[in-house]
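FYI, side chains are in, hydrogens and waters are out, and symmetry mates aren't considered; it's all heavy atoms of this structure. Each residue takes its place number in the sequence, starting with 1. Given the structure is predicted, the values throughout are model-derived calculations rather than measurements.
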Amino acid sequence: MPASFFKPLELRLGSMEVNLTRLIGEVSYALLGAFPRSYAEGLKARLEAARIPAVLQTPFDLPEVYLAYTGDVSLWVPEALVSQAELLLASDQISGEAP
């Protein structure tokens, strides 16, 4: 069975419970991971440069708080593109490129 078969539907980050999939508009997005905001911004830019849409989410979901928030954020990509996103980021890591 594929490794994704064993992924839980929810993940707990500290006291915050996170669903691993969610609808954004009418598109199903999957959680790629939770990262410090500055690192996640680099990953998002790298994904978008490869034409893979990416969305960052703070625990607060408030734009005003996002501007000053520097803690961990969730990085979401369309569920249909998760494999491509993981391959892209893994190839960057192997080649030594930083986000």
Side-chain angles (χ1 to χ4, degrees):
M1 286 184 206
S4 61
F5 177 80
F6 296 104
K7 285 186 179 177
L9 295 178
E10 294 182 346
L11 174 69
R12 186 170 286 283
L13 297 174
S15 63
M16 181 176 71
E17 192 171 288
V18 178
N19 289 325
L20 296 181
T21 60
R22 67 183 296 185
L23 284 178
I24 299 177
E26 293 186 18
V27 177
S28 180
Y29 275 67
L31 179 64
L32 198 57
F35 308 95
R37 179 180 171 203
S38 59
Y39 187 75
E41 292 279 359
L43 294 176
K44 180 179 187 274
R46 179 67 179 111
L47 290 166
E48 289 178 342
R51 305 182 71 96
I52 298 173
V55 174
L56 297 180
Q57 177 191 14
T58 68
F60 313 107
D61 279 337
L62 298 172
E64 302 83 34
V65 174
Y66 177 72
L67 295 174
Y69 182 72
T70 59
D72 285 352
V73 296
S74 302
L75 178 61
W76 298 85
V77 296
E79 198 168 12
L81 299 175
V82 168
S83 295
Q84 284 179 272
E86 289 173 342
L87 284 171
L88 174 71
L89 297 178
S91 69
D92 285 353
Q93 192 173 26
I94 290 169
S95 68
E97 289 183 37

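- Atom OG of Ser38 and atom CG of Leu43 lie 10.0 Å apart (nearest 0.5 Å).
- Residues Phe35 and Asp72 fail the side-chain proximity criterion, which asks for heavy atoms closer than 4.5 Å.
- The two residues Pro53 and Pro78 have their closest heavy-atom pair at O-CD, 3.2 Å.
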Step by step, would you call Leu81 with Leu47 a side-chain contact (heavy atoms from CB on, under 4.5 Å)? CA-CA 10 Å; Leu81 299 175; Leu47 290 166; over 6 Å; no
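- At a threshold of 4.5 Å between non-hydrogen side-chain atoms, the residues Thr21 and Leu31 do not count as touching.
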For side-chain contact (heavy atoms from CB on, under 4.5 Å), just list the numbers for Ile52 and Gln84, CA-CA rounded to whole Å, side-chain angles, deciding distance to a tenth of an Å, and then say yes or no. CA-CA 8 Å; Ile52 298 173; Gln84 284 179 272; 4.1 Å; yes
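- You'll find the side chain of Leu23 stays beyond 4.5 Å of the side chain of Tyr29, heavy atoms only.
- Counting only heavy atoms from C-beta outward, the side chains of Leu32 and Ser74 never approach each other to under 4.5 Å.
- You'll find the side chain of Gln57 stays beyond 4.5 Å of the side chain of Val73, heavy atoms only.
- At a cut-off of 3.5 Å, with distance as the only test, a side-chain donor of Ser28 or Glu79 sits close to an acceptor on the other residue.
- Here the NZ atom belonging to Lys44 is positioned 5.5 Å from the CG atom belonging to Leu56, to the nearest 0.5 angstrom.
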